[in-house]
**Student:** 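I have a structure here, written as structure tokens, and I will follow up with some questions on it.
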Amino acid sequence: MPALLMLALLMPGLAAAEPPGVGDHRGGTLHLSAVGSGGTLDPQVNYTSEYINLFATMYDGLTGFRKARGLAGDGIVADLAEALPEPQDGGRTYVFRLRDGIRFSDGRPVTVEDVAASMRRIFRVGSPTAGSFYGAIMGAKACLEHGAECRLEGVVADPSNRTVTFHLTEPDSEFLMKLAFTHASILPADTPDHDLGNDPAPATGPYRIVRYDPQGGIFAERNPYFHVWSQEAQPDGYVDRIEYRFGLTDEAAVTAIANGQVDFLYDPVPLDRLGELGSRYTAQTHIEPHLTVYFAPMNVHIPPFDNLKARQAVAYAINRHAMTILYGGPAIAGPLCSMVPPELPGRMTTCPYTRGASLENPAPEWKAPDLEKARALVRESGTAGQKVTVVVANRSVDKAMGNELRDTLRAIGYEAALRPLQPALMFSYIQNSANNVQISIKDWSSDFPSPSNFLDDLFGCENFHPGSSSSINIPGFCDAPTQALIDRAKTDVTLTDAARNDLWAQVDHRIAGLVPATPVIHKYDVVFVSKRLGNFFYTHNFGLFFSQVWVQ
């Protein structure tokens, strides 16, 4: 049987579900590897899954995602709050009561003043999701305009009752999910109002960072003040220490896992190693669903992609079949025509940018690139012959996909080049409009299971911040009719689920028509772990959940 076919037969969630036994499996060091560091240690600023997956074992919000495998992990539970509150005032008011007895890793008690200060800090430090996730809080608009002076009047702490009340200017049907994301982590009230950089903040979860070297790694140990207040929200960890080292190439890391020197690789497994995993290491290889897309954002403010026809040309020209193969083949990836992954509702279900199709007459699925149409659009745009640089992360899979896009751009009439950057630098670099990035290829994973996390976050007007490295609207796209649909989908609490999903599908369709970015592929995660790693524990939102695995 061909090795890739063997890999295809591995079903998502195939990992043996060993019954947890804390006493039998507690202890040891978990060894993680990544090509490069993931940037800042500030949990309210960092927006890379490389660190967010680790932060989930260290920091807590008022709410959290249930720490459970599969779809059960999409549920929201009370975390630092005693219970999930019922929304009041038509969805504009939430009253949380803080649990008693929780301490930060430096020994200080967690108070409602810490909660209020942490919510203000989201705006004061310019968190990437300040506008899209927390912009409905009363006072947020002024905070977005003048972050250093943020008062955020809509968050009111009452120490006498251990309550924190949130007043929203308009309902937000996803507010409890947004409070569960790591950008809403509760930190001490005296945490500086600037990016912490290489300095970790005190934690509330089972682990805390004790040393950080951006060139070498993150070293975490148990939080001596942690106790389990909710098994669903933040269970205790098994290992005593987590070492997350940087510098090994993805090829070298796969070899190290096979040799038992490393337990887990953050970066995608290189294409040339997938067959080996499928034939020799099936028990250690897991294919897991993860709400992730690869897409190509295009800067709508600078040539050549300030021209709609130039952007349409790219959408027609990209060979999504080739990109699927470069990621690892149809067992773990597939062509994508919507900016929303196929596992979620609220998406465009047809394909306008494929051979023989158009926005007015879309095909039911992607078939093949249309280079002739793309070349014609480039000529009509007047941009033929212009220089274009494709920016990608310096990883095997990303560089291969970048080379394919570079060659495609050359084939349709551009003078194209590739610029790989270190993964930790690449994401912030392409967000900053001052760097004049024309086009890039980037993967994007959900922060919570909703189409808004792809359509609003990546294309909402409030998420474009010129000159900022925390501007997740990478193309700089802002379209009033699209924004109106986004706002209604987020705020209209009278909508049924079906009606809300229909609105998101309309947003997806409008974005497809204006093409600030073009979807490329959706994917599964191929997770290769060491033979000594047990209790494989994978969640939709955080991937491999580090606190719940053990080592022999």
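Positions are given from 1 along the sequence.
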**Student:** Do Leu62 and Tyr94 have side-chain heavy atoms sitting under 4.5 Å apart?
**Tutor:**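 No, side chains not in contact.
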**Student:** On a heavy-atom basis, which atom in Ala310 and which in Pro304 lie closest, and how many Å separate them?
**Tutor:**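 Nearest heavy atoms, Ala310 then Pro304: CB-O, 3.3 Å.
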**Student:** Hey, do the aromatic rings of Phe448 and Phe133 have their centres closer than 6.0 Å?
**Tutor:**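 Ring-ring flag for Phe448/Phe133: true, centres closer than 6.0 Å.
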**Student:** In this structure, are over 12 heavy atoms from other groups packed under 6.0 Å from Glu145 atom CD?
**Tutor:**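 Atom CD in Glu145 is crowded, with more than 12 foreign heavy atoms closer than 6.0 Å.
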**Student:** Given Ser49 and Tyr266, is the side-chain hydrogen bond (donor to acceptor under 3.5 Å, both in side chains) satisfied, shown in steps?
**Tutor:** CA-CA 9 Å; Ser49 57; Tyr266 164 73; 2.9 Å; yes
**Student:** With a 3.5 Å distance limit and no angle check, can you tell me whether Arg120 reaches the backbone of Cys143 through a side-chain donor-acceptor pair?
**Tutor:**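 Not a single qualifying donor-acceptor pair exists.
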**Student:** Using 0.5 Å steps for rounding, measure from the CD atom of Glu232 to the CD1 atom of Ile76.
**Tutor:**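 It is 11.5 Å, given to the nearest 0.5 Å.
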**Student:** Would you say Val340 and Trp504 make side-chain contact, with heavy atoms under 4.5 Å?
**Tutor:**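 Side chain of Val340 against side chain of Trp504, heavy atoms only: no contact under 4.5 Å found.
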**Student:** What's the shortest heavy-atom distance between Asp370 and Gly356, and which atoms?
**Tutor:**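 Minimum heavy-atom separation between Asp370 and Gly356: OD2-N, 4.0 Å.
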**Student:** Check step by step if side-chain contact (heavy atoms from CB on, under 4.5 Å) holds for Leu152 and Arg124.
**Tutor:** CA-CA 10 Å; Leu152 203 63; Arg124 292 187 174 186; over 6 Å; no
**Student:** Under 4.0 Å between a side-chain nitrogen and a carboxylate oxygen: does that hold for Arg99 and Asp60?
**Tutor:**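 Salt bridge: no.
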**Student:** Answer yes or no: are there more than 12 heavy-atom neighbours, outside Asp497 itself, under 6.0 Å from its atom CG?
**Tutor:**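 Not more than 12 within 6.0 Å, no.
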**Student:** Ignoring hydrogens and angles, tell me if any N or O in the side chain of Thr292 forms a donor-acceptor pair with the backbone of Lys523 under 3.5 Å.
**Tutor:**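 No: the side chain of Thr292 does not pair with the backbone of Lys523.
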**Student:** Shortest non-hydrogen contact from Ser471 to Asn463?
**Tutor:**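 Heavy-atom minimum between the residues: OG-O, 3.4 Å.
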**Student:** Can you tell me how far apart CG (Leu485) and CG (Asp456) are? Round to the nearest 0.5 Å.
**Tutor:**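 Leu485 atom CG to Asp456 atom CG measures 12.0 Å (nearest 0.5 Å).
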**Student:** Give every residue pair that meets the side chain to side chain donor-acceptor pair (under 3.5 Å) criterion with at least one member in residues 329-352, sequence neighbours excluded.
**Tutor:**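 For residues 329-352: Ser338-Asp508.
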**Student:** Begin with the C-alpha distance, continue with both residues' side-chain angles, and end with the deciding distance and a verdict on side-chain contact (heavy atoms from CB on, under 4.5 Å) for Met323 and Leu405.
**Tutor:** CA-CA 9 Å; Met323 295 295 197; Leu405 179 55; 4.1 Å; yes
**Student:** Test your reading of the model: is there a side-chain donor-acceptor pair from Asp525 to the backbone of Glu288, 3.5 Å cut-off?
**Tutor:**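 Answer holds: no.
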**Student:** Is it the case that the side chain of Ser132 and the backbone of Asp457 share a donor-acceptor pair, with hydrogens and angles ignored and the cut-off at 3.5 Å?
**Tutor:**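 Not at all, since once roles are kept as given, no pair shorter than 3.5 Å links the two residues.
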**Student:** Under 3.5 Å, side chain of Arg69 to main-chain N/O of Phe536, donor-acceptor pair present?
**Tutor:**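 Looks like yes, one N/O pair under 3.5 Å.
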**Student:** Could you tell me which non-hydrogen atom of Pro85 sits nearest to which non-hydrogen atom of Val95, and how far apart they are?
**Tutor:**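 So the two residues come closest at CB-O, 3.1 Å.
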**Student:** Run Val112 and Thr163 through side-chain contact (heavy atoms from CB on, under 4.5 Å) and show every step you take.
**Tutor:** CA-CA 7 Å; Val112 291; Thr163 60; 5.8 Å; no
**Student:** Would you call the rings of Phe166 and Phe175 parallel, tilted or perpendicular if under 30° counts as parallel and over 60° as perpendicular?
**Tutor:**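 Plane angle over 60°, so perpendicular.
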**Student:** Judged by atom type as modelled, is there a donor-acceptor pair below 3.5 Å linking the side chain of Thr182 to the main-chain atoms of Ile52?
**Tutor:**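 Between the backbone of Ile52 and the side chain of Thr182 there is no qualifying donor-acceptor contact (under 3.5 Å).
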**Student:** Less than 4.5 Å apart, any side-chain heavy atom of Tyr538 and any of His290?
**Tutor:**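 Yes; the side chains approach each other to less than 4.5 Å.
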**Student:** Taking atom OG1 of Thr482 and atom CD of Gln506, what is their separation to the nearest 0.5 Å?
**Tutor:**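 Here the rounded value is 10.5 Å.
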**Student:** Asn432 and Ser469: side-chain hydrogen bond (donor to acceptor under 3.5 Å, both in side chains), yes or no, with the steps?
**Tutor:** CA-CA 5 Å; Asn432 195 324; Ser469 296; 3.3 Å; yes
**Student:** Quick check, are the ring centers of Phe295 and Phe454 under 6.0 angstrom apart?
**Tutor:**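 Centroid separation for Phe295 and Phe454: 6.0 Å or greater.
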**Student:** When you measure from the side chain of Arg97 to the backbone N and O of Ala83, does any donor-acceptor pair fall under 3.5 Å?
**Tutor:**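 No: the side chain of Arg97 does not pair with the backbone of Ala83.
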**Student:** In a check of side chain to side chain contact (heavy atoms under 4.5 Å, CB included) between Val437 and each of Val390, Asn299, Ile430, Ile474, which one passes?
**Tutor:**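 For Val437, the side chain to side chain contact (heavy atoms under 4.5 Å, CB included) test succeeds with only one of Val390, Asn299, Ile430, Ile474, which is Ile430.
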**Student:** Contact between Asp158 and Thr165 at the side-chain level, heavy atoms closer than 4.5 Å - yes or no?
**Tutor:**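 Answer no - side chains too far apart.
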**Student:** Could you label the plane-to-plane angle of the Tyr59 and Phe55 rings as parallel, tilted or perpendicular, counting under 30° as parallel and over 60° as perpendicular?
**Tutor:**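 Answer is perpendicular, since the angle exceeds 60°.
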**Student:** Distance from Thr518 atom OG1 to Arg311 atom CZ, nearest 0.5 Å?
**Tutor:**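 One finds 11.5 Å between OG1 of Thr518 and CZ of Arg311.
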**Student:** Can you list every salt bridge (charged side-chain N to carboxylate O under 4.0 Å, His left out) pair that touches residues 462-479, not counting sequence neighbours?
**Tutor:**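 Counting only pairs at least two positions apart or across chains, the salt bridge (charged side-chain N to carboxylate O under 4.0 Å, His left out) contacts touching residues 462-479 are Glu462-Lys490, Asp479-Arg510.
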**Student:** Relative to each other, are the rings of Phe181 and His183 parallel, tilted or perpendicular (30° and 60° limits)?
**Tutor:**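 Rings of Phe181 and His183: perpendicular, as their planes differ by over 60°.
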**Student:** Shortest non-hydrogen contact from Ala157 to Ala116?
**Tutor:**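 So the two residues come closest at CB-CB, 4.2 Å.
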**Student:** Checking the side chain of Lys367 only, and the main-chain atoms of Glu365 only, is there a donor and an acceptor separated by less than 3.5 Å?
**Tutor:**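 No.
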**Student:** Strictly distance-based, threshold 3.5 Å: is any side-chain N or O of Thr408 a donor or acceptor partner for the main-chain N or O of Ile318?
**Tutor:**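 Flag not set: sc Thr408 to bb Ile318 has no pair under 3.5 Å.
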**Student:** I'd like to check Asn541 versus Pro449 (side-chain heavy atoms, cut-off strictly below 4.5 Å). Are they in contact?
**Tutor:**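 Side-chain contact under 4.5 Å: yes.
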**Student:** Centres of the Phe123 and Tyr134 rings: under 6.0 Å?
**Tutor:**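 Ring centroids of Phe123 and Tyr134 are no less than 6.0 Å from each other.
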**Student:** Kindly indicate whether the side chain of Asp79, heavy atoms from C-beta on, has any atom under 4.5 Å from the side chain of Ser230.
**Tutor:**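 Not touching, per the 4.5 Å side-chain cut-off.
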**Student:** Regarding Arg500 and Ser452, is there a side-chain donor-to-acceptor distance under 3.5 Å anywhere?
**Tutor:**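 On atom types as modelled, these side chains do not qualify, holding no pair under 3.5 Å.
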**Student:** Between the side chains of Glu170 and Thr491, is a donor N or O closer than 3.5 angstrom to an acceptor N or O?
**Tutor:**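 The answer is no; no qualifying pair exists.
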**Student:** Could you tell me whether the side chain of Phe459 reaches within less than 4.5 Å of the side chain of Pro475, counting heavy atoms only?
**Tutor:**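 Yes, side chains in contact.
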**Student:** Does the side-chain contact (heavy atoms from CB on, under 4.5 Å) test come out yes or no for His540 and Phe65, once each step is laid out?
**Tutor:** CA-CA 10 Å; His540 270 173; Phe65 290 101; over 6 Å; no
**Student:** If you round to the nearest 0.5 Å, how far is CD1 of Ile521 from CZ of Arg320?
**Tutor:**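 These two atoms lie 11.0 Å from each other.
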**Student:** Distance-only, no hydrogens or angles: does the Gln44 side chain make a donor-acceptor pair with backbone N or O of Ser185 under 3.5 Å?
**Tutor:**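 Side chain of Gln44 to backbone of Ser185: a pair is present.
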**Student:** At what distance, to the nearest 0.5 angstrom, does CZ of Phe545 lie from OG1 of Thr539?
**Tutor:**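 OG1 of Thr539 is found 6.5 Å from CZ of Phe545.
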**Student:** Using a 4.5 Å cut-off on heavy atoms from C-beta on, say whether the side chain of Thr204 contacts that of Ile186.
**Tutor:**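 Result no, sub-4.5 Å side-chain heavy-atom pair not found.
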**Student:** Where is the tightest heavy-atom contact between Ser445 and Asn453, given as atom of each residue plus distance?
**Tutor:**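 Between these two residues, the closest heavy atoms are O-OD1, 4.2 Å.
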**Student:** What is the ring orientation for Tyr47 with Phe427, classed by angle as parallel under 30°, tilted 30 to 60°, or perpendicular over 60°?
**Tutor:**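 Tyr47 vs Phe427 ring planes: tilted.
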